[in-house]
Amino acid sequence: MFEKKEARLILADGTQFTGNSFGADASISGEVVFNTAMTGYPESLTDPSYSGQILVITYPLVGNYGVPTEEREGGLLKFFESERIHVSGLVISDYSFEYSHWNATKSLSQWLIENNVPAIYGVDTRQITKIIREQGVMLGKIAVEGTTVPEQFHDPNLENLVAKVSCKNVETYGNGKNRIVLVDCGCKYNIIRCLLARDTTVIRVPWDYDFSTIDYDGVMLSNGPGDPQHCRATVANIKKAMQIGKPIFGICMGNQLLSIAAGASTYKLKYGHRSHNQPALMVGTNKAVITSQNHGFAVNPDTLDKDWEPYFVNLNDGTNEGIRYRFKPFYSVQFHPEASSGPVDTEFLFDDFIKLVENYKNAK
C-alpha cells in the first residue's frame with residue numbers, strides 16, 4: 001500500500017481538482033487529454049503517442065487487473081506497446097487497490113512509481129472531460145503534496161516529440177519474404193506484430209533516417225506524438241520514397257506525414273480523438289468500421305492535390321480518417337488498424353498492404 005498523499009490536477013484555466021496520489025512523488029506539467037476506452041491501460045500508458053500528455057481515463061474503475069508480465073516474444077514486450085510508460089501523468093476517478101488477473105505481476109500503482117509517473121485518483125473525471133470538450137485540450141499540472149510544482153505550464157507540442165520517442169538505431173525483426181521499412185515516429189509494437197504475422201522482415205528505422213539506401217519492398221509510416229510539422233526530415237524521405245514508387249502505408253501520424261508529403265496541410269483538433277469506438281466510413285461505399293484512435297492533429301482534406309482522395313471519414317465529426325493516391329500504391333489511415341487494445345475491424349488493411357507489395361514485386 002502506498003502512502004496516502006493529497007494531489008491536485010491544475011488546469012491552465014485555473015480550475016483545480018483535488019484527489020489523492022497513487023503514483024510517483026513528483027509534480028509535472030503537460031497537455032491534458034481524455035480517453036474513453038473501457039480497458040487497456042497498460043497499452044495506453046506505453047503508447048508513445050501519449051508522450052508529454054496527462055491522460056484522463058473516463059472509465060470509472062482502473063487498476064483492477066494489475067500490470068502484466070514483461071515476457072518477450074520476437075524481441076518485443078508481449079503485453080505492452082513499447083519499452084516504457086510514455087504519459088507524463090495519469091488521472092482517474094476510482095483506483096482499485098486490489099487487482100486480479102492470471103497474468104498480473106504488480107499493481108498499477110507500483111508500476112507508476114517504478115517509472116516515476118505521478119497519478120491521481122478520487123477526482124471527477126466526467127467534469128474534467130466536459131471542460132475539455134467545451135474549451136478544448138488545455139495544458140495542466142499534477143501537483144503532489146510535498147513536491148516541487150513546475151511554475152510554468154509546459155506545452156509538449158512545441159517540442160519534436162517524435163525525435164524523443166523514435167528508436168535511435170536501425171533494428172530488424174523477423175525473416176519473412178517481404179522486406180518492410182518501418183519508419184518509427186513512435187511506433188506501437190502491435191504494428192510490428194501485425195507485419196510479422198504476414199511473412200515479413202521488418203526493418204525499423206529512426207524517424208529521420210534516409211531509408212532510400214535500404215533494399216525494401218514497402219514502407220510503413222508509424223503512429224507518433226505531437227505536431228507532424230516538426231518532422232520535416234521524415235517528409236523529405238517520404239517524398240523520395242514516392243518517387244521510387246513502392247507501396248506506402250501510413251498509420252495515424254503516418255497519415256499526417258504522407259498527407260504533408262503530398263502537399264496537404266494539417267491542423268490541431270479541439271480535443272482530439274482518443275477512444276476504442278470511433279466509427280469511420282470508407283469513402284464511396286456504405287462500409288463503416290469501428291476504430292481505435294489516439295491523435296490530436298488531423299489532415300485538411302480540402303488541401304489534397306487532385307491526384308489524391310479521402311479514404312475514410314469520421315462519422316462523428318466528419319474529419320479526415322485517411323487518404324489514398326489515385327494512381328500509385330500509397331495510402332494511409334488516421335485510426336489504428338493494429339488496435340491494441342481495441343477493435344480489430346480494420347486489420348484487413350495490413351492484408352491489403354501486403355497484397356500491394358506482392359503485386360508490385362510481381363509486376364517488375
Side-chain angles (χ1 to χ4, degrees), residues 11-13 31-38 40 44 47 49-50 53-59 125-140 155-157 186 188 221 223-229 250-260 262-305 308-324 331-339 341-346 349:
L11 299 180
D13 69 349
E31 182 181 50
V32 183
V33 301
F34 63 85
N35 183 307
T36 61
M38 294 175 62
S44 292
D47 181 352
S49 292
Y50 279 120
Q53 296 179 327
I54 298 171
L55 177 61
V56 179
I57 297 179
T58 62
Y59 192 65
T125 53
R126 294 171 300 177
Q127 183 59 30
I128 298 169
T129 302
K130 285 181 180 179
I131 291 172
I132 295 174
R133 284 182 65 93
E134 291 169 4
Q135 298 188 37
V137 168
M138 63 178 67
L139 304 182
D155 184 355
N157 293 301
K188 289 179 66 179
L221 308 173
N223 65 292
D227 189 341
Q229 297 296 335
I251 292 174
C252 197
M253 170 71 80
N255 178 57
Q256 297 160 25
L257 294 176
L258 182 62
S259 298
I260 294 171
S265 63
T266 59
Y267 63 98
K268 188 166 176 55
L269 293 164
K270 184 176 180 180
Y271 48 82
H273 293 161
R274 297 174 182 88
S275 70
H276 285 350
N277 55 355
Q278 291 273 346
L281 178 72
M282 184 182 290
V283 176
T285 75
N286 291 322
K287 181 180 178 64
V289 291
I290 301 301
T291 68
S292 177
Q293 303 199 16
N294 178 15
H295 59 275
F297 290 80
V299 174
N300 180 353
D302 295 334
T303 61
L304 285 170
D305 182 88
W308 293 79
E309 63 184 0
Y311 191 6
F312 288 89
V313 63
N314 191 294
L315 285 172
N316 284 339
D317 62 8
T319 55
N320 175 261
E321 291 288 353
I323 66 168
R324 57 185 171 186
Y331 71 100
S332 56
V333 293
Q334 189 59 60
F335 49 81
H336 286 269
E338 84 287 355
S341 59
V344 294
D345 292 31
T346 57
L349 291 166

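Only a predicted model underlies this, so the values are computations on that prediction, with no experimental measurement involved. Numbering of residues begins at 1 and proceeds along the displayed sequence.
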query = Can His273 and Asn316 be said to form a side-chain hydrogen bond (donor to acceptor under 3.5 Å, both in side chains), step by step?
reply = CA-CA 10 Å; His273 293 161; Asn316 284 339; over 6 Å; no
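Of the possible donor and acceptor atoms, none in the side chain of Asn300 sits under 3.5 Å from a partner among the backbone N and O of Ala264. With hydrogens and angles ignored, the 3.5 Å screen pairs no side-chain donor or acceptor of Thr266 with any backbone N or O of Val299.
With rounding to the nearest 0.5 angstrom, the CZ atom of Arg324 is 7.0 Å from the CE atom of Met282. The structure places CG of Asn223 at 12.5 Å from CD of Gln293, a figure rounded to the nearest 0.5 Å. Atom OG1 of residue Thr129 and atom CG of residue Asn35 lie 10.0 Å apart, to the nearest 0.5 angstrom. Atom-to-atom distance recorded for Glu321:CD and Leu315:CG is 9.0 Å, nearest 0.5 angstrom. How far CD1 of Ile251 is from CD of Gln256: 12.5 Å, rounded to the nearest 0.5 Å. In this structure, CZ on Arg126 lies 13.0 Å from CD1 on Ile131, to the nearest 0.5 angstrom.
Under the 3.5 Å distance criterion, with hydrogens and angles disregarded, no donor-acceptor pair is assigned to the side chains of Asn255 and His295. Side chain to side chain, Asn320 and Gln334 fail the donor-acceptor criterion of an N or O pair below 3.5 Å. No hydrogens or angles considered: a donor-acceptor pair under 3.5 Å links the side chains of Asn294 and Asp47.
Counting all heavy atoms, side chain and backbone alike, Val289 lies closest to Lys287 at CG1-CE, 4.1 Å. Shortest non-hydrogen contact noted between Ala262 and Asp305 is O-CB, 4.2 Å. Minimum interatomic distance between Val283 and Pro310 (heavy atoms only, all atoms of both residues): CB-O, 3.7 Å. The minimum heavy-atom distance between His276 and Ser292, with the atom names listed, is ND1-OG, 3.4 Å.
Applying the side chain to side chain contact (heavy atoms under 4.5 Å, CB included) criterion to Val33, with sequence neighbours excluded, gives Glu31, Tyr50, Gln53, Leu55, Val137, Arg274. Annotation: side-chain hydrogen bond (donor to acceptor under 3.5 Å, both in side chains) contacts of His336 (sequence neighbours excluded): Glu338. In this structure, Lys270 has no salt bridge (Lys or Arg N to Asp or Glu O under 4.0 Å) partners at least two apart in sequence or on a different chain.
Using a 4.5 Å heavy-atom threshold, the side chains of Leu349 and Tyr311 count as touching. You'll find the side chain of Lys268 reaches within 4.5 Å of the side chain of Asn157, heavy atoms only. For the pair Pro228/Ile260, a side-chain contact is recorded, criterion being any heavy-atom separation below 4.5 Å from C-beta on. Arg133 is listed as a side-chain neighbour of Phe34, based on a closest heavy-atom distance under 4.5 Å. In this structure, the side chains of Pro343 and Thr291 stay at 4.5 Å or more apart for every pair of heavy atoms. With contacts defined as side-chain heavy-atom distances shorter than 4.5 Å, the pair Ile323/Leu304 qualifies.
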